[in-house]
Structures are given as structure tokens and as C-alpha cells.
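For reference, the structure discussed in these notes is given below.
Being a predicted model, the structure only gives us computed values, none of them experimental.
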Amino acid sequence: MSRAFISVRSLLLAAPFALSPGIALSMAAPVAQATATATATLKDAAGKEVGSARLVQQNDGVAVTVSAKGLTPGAHGTHVHMTGTCEAPAFTSAGGHWNPTDAHHGLENPQGHHAGDLPNMTVQSDGTGELSFMIANARVAGDDKALLDADGAAIVIHAGPDDMMSDPAGNSGGRVACGVVEAG
């Protein structure tokens, strides 16, 4: 048998063994890397579904898309909150904004901002709104500072606009919708 046709199995069974020049052995098959994703179904204080969110891991961060319906027209503060619970009616169980680096609040804050700070969502006169944003240098899952840590995360829409500066939450008012972020 020619050396070029020696099976990988026979190579593994022969110990010790040496490969001839020109014969390469690769034990690792190419593996497609799965993209981490997460979703949330947003509900109002009465338990009515009012929107959804999708979070997708990208090379440079997490792409977040939030869609809403049945909200009052105008600007609404929208954030990723640090705890994956949404107990109505106030949704305070979701905790504060997701802030794994202990930063200040507000996308316009010169001292930096929470990872969970998103731009305001503009809700149209028909009650619908959409928001797309990239959370730079963030992870959906996989390490101790990832969004989906031991206690999860939630997406929260507030009653009013976020002022993008004030600690701890931008004076955006009460929480009118909340959705637990779930992997997949």
C-alpha cells in the first residue's frame, strides 16, 4: 500500500507514528460557527403583546432591532435592562440598565454610557415604532459580561424620551412595555 493511501484510523492506531513529507493530517473538521441570537416578546402592563426585539451577535457587537405597536405617539426611551424578568405592572423587576462596565448613563454622555442605552424609539401616530442599533463591543452570550448572563436580560420601553445624559436612567419615565430576552 502506498503511503499516500494510509487511512487516518491506521495512523491513529500506530503509536508512535510519523508522517511522510507531503502528507498532512488534520483531525479537525471545519465547523461553522453559530451566530448567537436572542429574541424578546414585549408586553404592556395588561399582558398584551405590543412588540418584539431581536438581538444578533455581529463581529463588532450586538445588532438590536425593536418593533412596537399600540404605544402612544412620540419618543420613548428604550433600553436593555440587566435582569430577565418582567413583572407587571411597573416592570421594576427588570432592574436597571444593562451596564457591565459600570459606565454612566446616556448615549450623549461624554464620560461614556451603559451598554444597555439605546436611542429613543419614535412611535408614529398609528402607534407603531421601530428602532435598530448596534451595541458596540457587546456579546449576546459566552462570557461573564455577556447580555445573557446568569440572571438574563430584558428589553424595556419607557413612557417618555430618554434625555441621553442623566444618571441613572435618563428621566424617561415609567416602564410601559417589557420583554424577557431569550436565547435563540
Can you hop from V156 to V62 via hydrophobic side chains spaced under 4.5 Å?
no
H76 backbone acceptor or donor facing T78 side chain under 3.5 Å
yes
Give a yes or no on whether the backbone of A138 and the side-chain of Q57 come within a donor-acceptor separation of less than 3.5 Å.
yes
Excluding sequence neighbours, so at least two apart, what forms side chain to side chain contact (heavy atoms under 4.5 Å, CB included) with N137?
none
Contact check, side chains of W98 and V181, non-hydrogen atoms, under 4.5 Å:
no
In terms of heavy-atom contacts, N120 and D162 come closest through OD1-N, 2.8 Å
Closest heavy-atom pair and its distance - R175, F91:
NH1-O, 2.9 Å
Shortest non-hydrogen contact between T39 and R54, atoms and distance:
CG2-NH1, 4.1 Å
If we ignore hydrogens and angles and just use 3.5 Å, is the side chain of H81 paired with the main-chain N or O of A154 as donor and acceptor?
no
Separation of L148 CG from R139 CZ (nearest 0.5 Å)
11.5 Å
Determine, using the 4.5 Å side-chain heavy-atom cutoff (strictly less than), whether V64 and V180 are members of one ILVMFWY cluster.
no
Working to the nearest 0.5 Å, report the span between CD of E49 and NZ of K69.
5.0 Å
Using 0.5 Å steps for rounding, measure from the CE atom of M134 to the CG atom of L118.
12.0 Å
So which atom in I155 and which in A53 form the shortest heavy-atom distance, rounded to 0.1 Å?
CG1-CB, 3.9 Å
Just verifying a value: how many Å separate L107 CG and D117 CG, rounded to the nearest 0.5 Å?
5.5 Å
Closest non-hydrogen atom pair, I157 against A68
CD1-CB, 4.0 Å
Identify the heavy atoms of H158 and G173 that sit nearest to each other, and give their distance.
ND1-O, 3.0 Å
Atom pair OG/CG of S67 and L42 - distance to nearest 0.5 Å
9.0 Å
Rounded to the nearest 0.5 Å, what's the gap from CE on M82 to CG on N99? Could you check?
8.5 Å
